[in-house]
Amino acid sequence: WCNGSNSMLPFGEESFRSLNITDIKAENIKKILALLRYSTGETKRDLAWKSQLSFSTVSNLCNELKEKGVLSEEKSNDYSVGRNPNKLIFQCHHYCSFCIDFQQEGTMNLAVVDFGNNFRYRERVSIPKDGEISALLERCKDVYTNLCASQEFQDAEFVASGISIPGIFDHEKSVVVNSSVPFLNGQPLAEMVSSKLGLPCYVENEANLCALAVKQSHSDMDNILYLHGSTGLGLGAICDGKLLRGSGGYAAEISCIPLGDPTLRCPYCGKTGCIENDLSLRGMEMLKEVISPEQQQKFFQDRGNRLGKLLSLLINLFDPSSLYIGGPSMECYEHLKPYVLTQLDCRSSLNIERGLEICYDPDSVQTIETGICQLIYNNWLP
């Protein structure tokens, strides 16, 4: 330890130090790319100032990234006198995510999103009731193969694929569990898709992906909730800037909270009163059976009150600065909103008075696909 020689380091300490340096370098690269991702370009000096890294560190890393083609350089016209330094530009359009969304039963959404959050391809595929996962993955492979061969993607690199599921991806066992789309249960989706496409693959709950998407577009927000209603009912939570997953990916599971109709039995846990019965698609589609305006109003009041009670519980537990509501089952949110706000005024008045922002997301499919791209970007080591 004392003579400065690596020969005196304890067993494993040299590799630990090497790993630590690698981690620091990766973190610094991500700091630089985060500043460039949505900008029209920055000089090295500006990057050093904004990232609080030394100029030499920024210069060396940017030179490496230019050699790899991640960054390009062009003349800056921002300076009226003196020498104009070059601006560095992140080539976001060169890096693409292949997105697969299973969040709604009977439908598979496919999309390609680049690291600038530009949507380069979208397709909606109907899934027959007797559909098999193998046939769907074969369809994904065909689409991916055709995209790779197309002129539009000749200069692009597909970094990874990502999958949205209405359920839990058990990170310890690497399988889907408790999904409201039955044929996904027990499937090692990440392994299957990675093998089929020859790409790294990440699987995440749809509500978590929505929360990630909101976080990347609101970097100043560190506490966000996103309630997503589709085939299932899920919650994504960003707490102190990080996605809440728990020890195995089971955190923030809300589907069986007993705030629902006490006469309805849950098809998943077998108990009665689970809130997912009322606020998922199967509960909200009961509106189709309502005929008179009076019955319709009563339906909206019932669902609005139940949603308001659920949100007040979540707000009081998590103390978010923003709460988002989205998904196919929440398309009638404007009709539910007056009853939701009445419940929140009674049960979460302190949060409302402090300026809690409640937002409705009209396009959760795009939000999910943006979240998949963000998940891939977060795991990308250029």
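The analysis underlying the following values was restricted to heavy atoms, covering all of them including side chains, and did not include hydrogens, waters or symmetry mates.
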Requested in this report: Output, in order, the C-alpha distance, side-chain angles, deciding distance and verdict of side chain to side chain donor-acceptor pair (under 3.5 Å) for Tyr38 and Gln216.
Outcome: CA-CA 11 Å; Tyr38 303 115; Gln216 67 91 22; 2.6 Å; yes

Query - Test side chain to side chain donor-acceptor pair (under 3.5 Å) applied to Ser312 and Gln343, step by step - result: CA-CA 7 Å; Ser312 67; Gln343 290 291 334; 5.9 Å; no

Report task. Would you check, one step at a time, whether the test salt bridge (Lys or Arg N to Asp or Glu O under 4.0 Å) holds for Lys44 with Glu73? Result -> CA-CA 11 Å; Lys44 289 180 180 179; Glu73 198 169 23; 5.2 Å; no

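- Between Lys242 and Asp222 no salt bridge is recorded (no basic side-chain N to carboxylate O distance below 4.0 Å).
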**Report entry** Audit row: Tyr226, Asp361, side chain to side chain donor-acceptor pair (under 3.5 Å) steps and yes/no
**Finding:** CA-CA 9 Å; Tyr226 193 113; Asp361 178 9; 2.6 Å; yes

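- Under the 30°/60° scheme for interplanar angles, the aromatic rings of Phe102 and Phe183 are found to stand perpendicular.
- No donor-acceptor distance shorter than 3.5 angstrom exists from the side chain of Arg45 to the backbone of Pro85, with no hydrogens or angles considered.
- By the criterion of side-chain heavy atoms lying less than 4.5 angstrom apart, applied directly or through intervening Ile, Leu, Val, Met, Phe, Trp or Tyr residues, Ile168 is not grouped with Leu184; the two fall into different hydrophobic clusters.
- Asp170 and Tyr250 are linked by a side-chain donor-acceptor pair at a separation below 3.5 angstrom, with hydrogens and angles left out of the test.
- Shortest non-hydrogen contact noted between Ile325 and Met330 is CG2-CG, 3.7 Å.
- Between the side chains of Thr367 and Thr370, no donor-acceptor pair is found at a separation under 3.5 Å.
- Taking a cutoff of 4.0 Å between a charged side-chain nitrogen and a carboxylate oxygen, Lys196 and Glu191 do not qualify as a salt bridge.
- Looking at Lys31, its side chain never comes within 3.5 Å of a backbone N or O of Leu47 through a donor-acceptor pair.
- You'll find the side chain of Ile165 stays beyond 4.5 Å of the side chain of Gln103, heavy atoms only.
- Side-chain atoms of Ser348 and Asn316 include a donor-acceptor pair closer than 3.5 Å.
- Between Lys50 and Glu42 there is a salt bridge, with a side-chain nitrogen of the basic residue lying less than 4.0 Å from a carboxylate oxygen of the acidic one.
- Of all heavy-atom pairs spanning Phe119 and Glu369, the tightest one is CE2-OE1, 3.1 Å.
- Between the CG atom in Leu189 and the CD1 atom in Ile100 there is a gap of 8.5 Å [rounded to 0.5 Å].
- Between Ser230 and Ser329, the closest heavy-atom pair is N-OG, 3.8 Å.
- Phe55 and Leu71 fall into different hydrophobic clusters, where Ile, Leu, Val, Met, Phe, Trp and Tyr residues are linked whenever their side-chain heavy atoms come under 4.5 Å apart, directly or through other members.
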Requested in this report: Evaluate side-chain contact (heavy atoms from CB on, under 4.5 Å) for Tyr333 paired with Leu307, printing each intermediate quantity in order.
Outcome: CA-CA 10 Å; Tyr333 175 70; Leu307 177 58; 4.1 Å; yes

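- Note on Asp101 versus Arg124: no salt bridge recorded, every NZ/NE/NH1/NH2 to OD/OE distance being 4.0 Å or above.
- Here the side chain of Asp114 pairs no donor or acceptor atom with the backbone of Cys96 at under 3.5 angstrom.
- Taking every heavy atom of both residues into account, Thr40 and Ile89 meet most closely at O-CG1, 3.9 Å.
- In this structure, Asn351 contributes its side chain and Leu356 its backbone to no donor-acceptor pair below 3.5 Å.
- A distance-only check finds no donor-acceptor pair linking the side chain of Lys309 to the backbone of Leu313 [under 3.5 Å].
- A salt bridge is absent between Arg282 and Glu105: the closest approach of a Lys/Arg side-chain nitrogen to an acidic carboxylate oxygen does not fall below 4.0 angstrom.
- Evaluated for a ring-ring contact (aromatic ring centres under 6.0 Å, His included) with Phe98, the options Tyr121, Phe153, Tyr144, Tyr202 yield exactly one hit, Tyr144.
- Residues Ile163 and Phe158 are members of one and the same hydrophobic cluster, defined by side-chain heavy-atom contacts under 4.5 angstrom among Ile, Leu, Val, Met, Phe, Trp and Tyr.
- Side-chain atoms of Thr43 come within 3.5 Å of backbone N or O of Asp46 as a donor-acceptor pair.
- Met284 approaches Asp278 most closely through the heavy-atom pair SD-O, 3.4 Å.
- Of the possible donor and acceptor atoms, one in the side chain of Gln154 sits under 3.5 Å from a partner among the backbone N and O of Ser150.
- Criterion: ILVMFWY side-chain heavy atoms under 4.5 Å apart, direct or through other members. Under it, Val193 and Val176 are part of a common hydrophobic cluster.
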Query raised in the report: Could you walk me through whether Asn60 and Glu64 pass the side chain to side chain donor-acceptor pair (under 3.5 Å) check?
Result: CA-CA 6 Å; Asn60 290 335; Glu64 285 188 38; over 6 Å; no

**Report entry** Ile257 vs Glu276, side-chain contact (heavy atoms from CB on, under 4.5 Å): CA-CA, chis, key distance, verdict
**Finding:** CA-CA 8 Å; Ile257 289 178; Glu276 185 173 274; over 6 Å; no

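- Checked against the 6.0 Å centroid threshold, Phe169 and His171 count as a close aromatic pair.
- Side chains of Cys274 and Cys269 form a contact here, defined as non-hydrogen atoms less than 4.5 Å apart.
- Ring geometry for Phe115 versus Tyr377: interplanar angle over 60°, hence perpendicular rather than tilted (30 to 60°).
- The backbone N or O of Leu199 sits nowhere less than 3.5 Å from a side-chain atom of Ser161 that would complete a donor-acceptor pair.
- Within the 3.5 Å criterion, the main-chain N or O of Ile291 finds a donor-acceptor partner in the side chain of Gln295.
- Connection of Val290 to Leu279 is established within a shared hydrophobic cluster, with ILVMFWY side chains joined at heavy-atom distances below 4.5 Å, either directly or through further cluster members.
- Listed for the Ser255 side chain is no donor-acceptor partner under 3.5 Å among the backbone atoms of Leu233.
- Note that CD1 of Ile254 and CG of Leu227 are 5.0 Å apart. Values are rounded to the nearest 0.5 Å.
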